[in-house]
Amino acid sequence: MQRIKIHRLLKSAAPIEAVLVMGWVRTKRDAKGFSFIELNDGSCLTNLQVLADEALPNYEEIRRLTTGSAVAVQGELVPSKGQGQQWELKATQVSLIGTAPETYPLQKKRHTDEFLRSIAHLRARTNKYGAAFRIRSELAYAVHRFFQERGFRYIHTPILTASDCEGAGEMFRVTTLPPGIHEIEEDFFGVEANLTVSGQLEAEMLALALGDVYTFGPTFRAENSNTRRHAAEFWMIEPEMAFCDLQEDMALAEALIRFLTGHVLDHCAEDVNLFARFVDKNLLPQLELLANAEFARVPYAEAVAILEKSKQPFEYPVSFGIDLQSEHERYLTEQHFGKPVIVYDFPKTIKPFYMRLNDDGRTVASMDVLVAGIGEIIGGSQREERYEMLAERMAQMNLSKEKYWWYLESRQYGSVPHSGFGLGFERLIMLVTGINNIRDVIPFPRTPRSIDF
RNA sequence: UCCCCGAUAGCUCAAUCGGCAGAGCGGGUGGCUGUUAACCACUAGGUUACAGGUUCAAGUCCUGUUCGGGGAGCCA
């Protein structure tokens with residue numbers, strides 16, 4: 001008999017005479033002469049209630065089934081006589097596949113996130129983490145769908161790289177040299193190699209060939225960041241579009257966020273409701289807002305003026321030229337506008353070399369998308385496509401022309417205006433689930449001093 | 001990296017002013033009931049993170065270390 005997944009079984013319109021399911025025991029309730037087994041196979045949040053009675057030949061074994069055990073159950077799908085579920089499986093055969101002794105650490109009560117992080121190899125078997133990782137999968141699919149439907153090409157940029165997307169952060173060194181040996185010419189590549197911090201520079205090259213492209217892959221930052229919003233290894237989505245200015249870039253960023261939140265509302269209702277009930281009471285209104293409200297757009301200079309007029313007791317004083325601090329971003333998106341905000345045209349002094357200089361000579365065509373609870377979820381810009389301007393910016397920032405020769409050369413051969421942005425995938429998952437720690441939206445998180453599993 | 005907070009049974013937490021280390025859940029045993037985080041009874045379970053110090057007496061006070069969390073910076 002072929003195995004059926006529980007999420008399909010529970011959607012059944014009629015009783016089914018014989019089915020086979022396999023999964024893990026979440027809990028068991030014994031009565032005299034029969035037992036209820038809550039079975040979960042990961043295909044959905046809801047458990048299947050299995051009714052096993054003493055007529056089964058191995059009923060003694062079933063009585064001893066423990067939480068966490070893996071079983072295969074054959075039986076008949078029948079309407080449940082009890083409250084709380086439409087269907088239940090009346091077992092005709094229950095076979096034990098894998099036992100779980102009483103040391104199994106997951107209980108049916110609530111555990112803390114901190115404890116579950118210490119058993120990351122098992123936490124996906126809980127309701128919350130199972131739901132989070134199902135949503136993660138669904139979001140990844142939706143990202144591809146969004147771009148593919150708009151004619152974007154999915155490209156793969158290198159993970160090992162010798163280039164350095166200046167300003168993106170500290171890098172992990174990759175080497176085959178034994179400890180203590182420092183002769184770089186002896187190393188695998190003969191030059192310093194690192195894990196990528198961004199695929200942007202390479203994505204630009206592909207955009208200047210294929211038109212509209214996007215990357216979606218792992219990136220690495222060796223920053224000693226100890227916050228709930230930073231991980232050393234995270235996934236980033238980076239579209240790059242030829243013949244595209246900052247206005248169109250912002251429009252795409254907004255469309256992407258709205259599409260993804262809408263997709264999750266439409267396709268992950270059961271899992272989203274779990275988060276709305278137990279993690280963030282305000283989640284559903286937030287998601288509706290993200291999916292439906294037009295994002296506010298405000299130039300940096302105007303954002304600074306709003307903050308100056310706000311009379312808020314900011315820890316960091318505001319004036320033109322400062323980078324916006326977390327408290328400023330929060331005020332703008334959570335209080336002043338009450339919805340997502342795109343701040344654009346930042347001073348050139350606080351932004352990297354590749355952003356396009358505006359005509360005012362002091363700002364660049366950059367933008368940050370700010371959302372409640374998280375702050376910056378997207379950072380992007382129109383890239384400097386003019387060779388002379390780019391070379392001058394690099395000289396001002398003491399970057400070597402030799403190292404970026406290929407990047408510069410792209411501005412000499414058919415250079416066109418182009419734009420792109422980076423979206424942190426984990427921050428997106430935090431946004432749509434209400435989970436407030438990045439360590440809980442990636443199955444096996446990497447943070448400073450933490451690389452277990 | 002900086003600031004703040006924390007670490008007590010497998011898990012979640014109590015323990016008053018420095019004075020006998022406890023409960024719920026989970027585990028075990030038995031009972032009971034178409035149950036729903038089932039219920040009832042009994043039961044086992046502790047180097048109070050680690051190392052030092054103060055004190056007649058330390059889970060509690062002091063110093064250091066480790067680990068965890070929150071905030072900040074860096075950023076996505």
Side-chain angles (χ1 to χ4, degrees), chain A residues 26-38 46-53 63-64 66-68 78-85 88 90 100-119 122 126-127 165 167-170 197-200 215 218-238 253 278 314-316 323-330 350-352 368-371 374-380 421-431 436-442 447-450 452:
Chain A
R26 280 294 177 79
T27 181
K28 180 169 61 74
R29 293 179 292 273
D30 294 324
K32 197 184 185 76
F34 58 94
S35 302
F36 294 106
I37 301 166
E38 293 286 334
T46 310
N47 301 323
L48 176 67
Q49 175 164 291
V50 174
L51 176 59
D53 71 36
R63 282 300 277 217
R64 292 195 307 272
T66 50
T67 300
V78 297
S80 178
K81 289 182 196 166
Q83 302 283 308
Q85 61 279 315
E88 67 189 22
K90 190 168 178 348
E102 66 281 357
T103 51
Y104 184 67
L106 293 174
Q107 304 172 4
K108 48 192 161 188
K109 68 165 192 163
R110 192 187 161 278
H111 290 290
T112 58
D113 293 322
E114 290 79 8
F115 171 67
L116 291 170
R117 262 169 235 154
S118 73
I119 50 166
L122 297 173
T126 64
N127 286 339
C165 194
E170 292 297 311
V197 292
S198 164
Q200 181 200 313
T215 72
T219 46
F220 307 86
R221 304 277 167 92
E223 299 286 350
N224 188 13
S225 295
N226 293 284
T227 82
R228 59 185 184 81
R229 302 185 308 281
H230 293 86
E233 176 181 313
F234 63 101
W235 284 59
M236 191 152 62
I237 296 140
E238 294 180 288
F278 297 114
F314 291 124
E315 189 185 340
Y316 293 85
D323 208 352
L324 296 183
Q325 305 295 319
S326 292
E327 57 180 349
H328 306 141
E329 296 179 348
R330 274 203 311 276
I350 56 171
K351 290 293 178 183
D368 285 354
V369 180
L370 310 179
V371 294
I374 294 182
E376 183 181 345
I377 191 167
I378 283 178
F421 60 81
L423 166 64
F425 189 50
E426 281 74 17
R427 289 189 180 174
L428 174 71
I429 302 169
M430 292 168 71
L431 186 67
N436 59 20
N437 195 311
I438 198 167
R439 287 173 272 237
D440 298 332
V441 296
I442 186 165
T447 52
R449 312 200 66 81
S450 174
D452 288 340

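Every chain is numbered from 1, with letters handed out A, B, ... down the list of sequences.
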All N/O pairs under 3.5 Å across the protein-nucleotides 3-7 of chain B interface:
none

Pick out the pairs of N or O atoms, protein on one side and nucleotides 67-70 of chain B on the other, that lie under 3.5 Å.
unit_1	atom_1	unit_2	atom_2	d
B:C67	OP1	A:Arg449	NE	3.4
B:G69	OP1	A:Arg117	NH1	2.7
B:G70	OP1	A:Asn437	ND2	2.9
B:G70	OP2	A:Arg439	NH2	3.1

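Take A:Arg117 and apply the side chain to side chain donor-acceptor pair (under 3.5 Å) test, not counting sequence neighbours, and it matches A:Asp440. Every side chain to side chain contact (heavy atoms under 4.5 Å, CB included) that A:Ser450 has, sequence neighbours left out, goes to A:Thr447. In this structure, the side chain to side chain contact (heavy atoms under 4.5 Å, CB included) partners of A:Ala222, at least two apart in sequence or on a different chain, are A:Glu170, A:Phe172. Checked against salt bridge (charged side-chain N to carboxylate O under 4.0 Å, His left out), A:Glu238 has no partners two or more places apart in sequence or in another chain. In terms of the salt bridge (charged side-chain N to carboxylate O under 4.0 Å, His left out) criterion, residue partners of A:Asp53 (sequence neighbours excluded) are, by chain and number, A:Lys90. Looking at residues two or more places apart in sequence or on another chain, you find a side chain to side chain contact (heavy atoms under 4.5 Å, CB included) between A:Asp30 and A:Lys28, A:Ser35, A:Arg63. Applying the salt bridge (charged side-chain N to carboxylate O under 4.0 Å, His left out) rule to A:Arg110 yields no partners; only residues at least two apart in sequence or on another chain are considered.
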Subject >> Under 4.0 Å protein heavy-atom contacts per nucleotide of nucleotides 43-48 of chain B, with B for base, S for backbone only and - for none >> reply: ------

**OP:** Would you mind building the protein contact string for nucleotides 27-40 of chain B? One character per nucleotide, 5' to 3', B for base within reach (heavy atoms under 4.0 Å), S for sugar-phosphate only, - for untouched.
**Re:** S----SBBBBBB--

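In this entry the distance linking CG of A:Asp113 with P of B:C11 reads 15 Å, nearest Å. Counting to the nearest Å, the P atom of B:C74 and the CD1 atom of A:Ile438 are 17 Å from each other. As a whole-Å value, the separation of A:Leu106 CG from B:U12 P is 12 Å. Computed from coordinates, the A:Ile374 CD1 to B:A72 P distance equals 13 Å when rounded to whole Å. Rounded to an integer number of Å, the gap from CD of A:Glu170 to P of B:U1 is 13 Å.
The same atom, P, is picked in B:C11 and in B:A72; the two are 30 Å apart, to the nearest Å. As rounded to the nearest Å, B:U12 and B:A37 have C1' atoms that lie 14 Å from one another. Between B:U60 and B:C20, the two P atoms lie 13 Å apart (nearest whole Å). Comparing the same atom, P, in B:U63 and in B:U47 gives a spacing of 27 Å after rounding to whole Å. Here the separation of B:C25 from B:G64, taken at their P atoms, is 41 Å to the nearest Å. Distance check on atom C1': B:U16 versus B:G59 gives 14 Å, rounded to whole Å.
At least one side-chain nitrogen or oxygen of A:Arg330 sits closer than 4.0 Å to the OP1 or OP2 atom of B:A72.
Here B:A72 is the nucleotide among B:G10, B:A72, B:C11 with the atom lying nearest to any side-chain atom of A:Gln325. Side-chain proximity of A:Asn224 to B:C75, B:C74, B:U1: nearest is B:U1.
The closest donor-acceptor contact from the side chain of A:Glu426 to the backbone of A:Trp235 lies under 3.5 Å.
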Subject >> Paired and unpaired positions of RNA chain B as dot-bracket, Watson-Crick or G-U wobble under 3.5 Å, | denoting a partner strand >> reply: (((((((..((((.....[..)))).(((((.......))))).....(((((..]....))))))))))))....

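The CG atom of A:Leu51 lies 7.0 Å from the CZ atom of A:Phe34; values are rounded to the nearest 0.5 Å.
In this structure, the ring of A:His328 has its center no less than 6.0 angstrom from the ring center of A:Tyr316.
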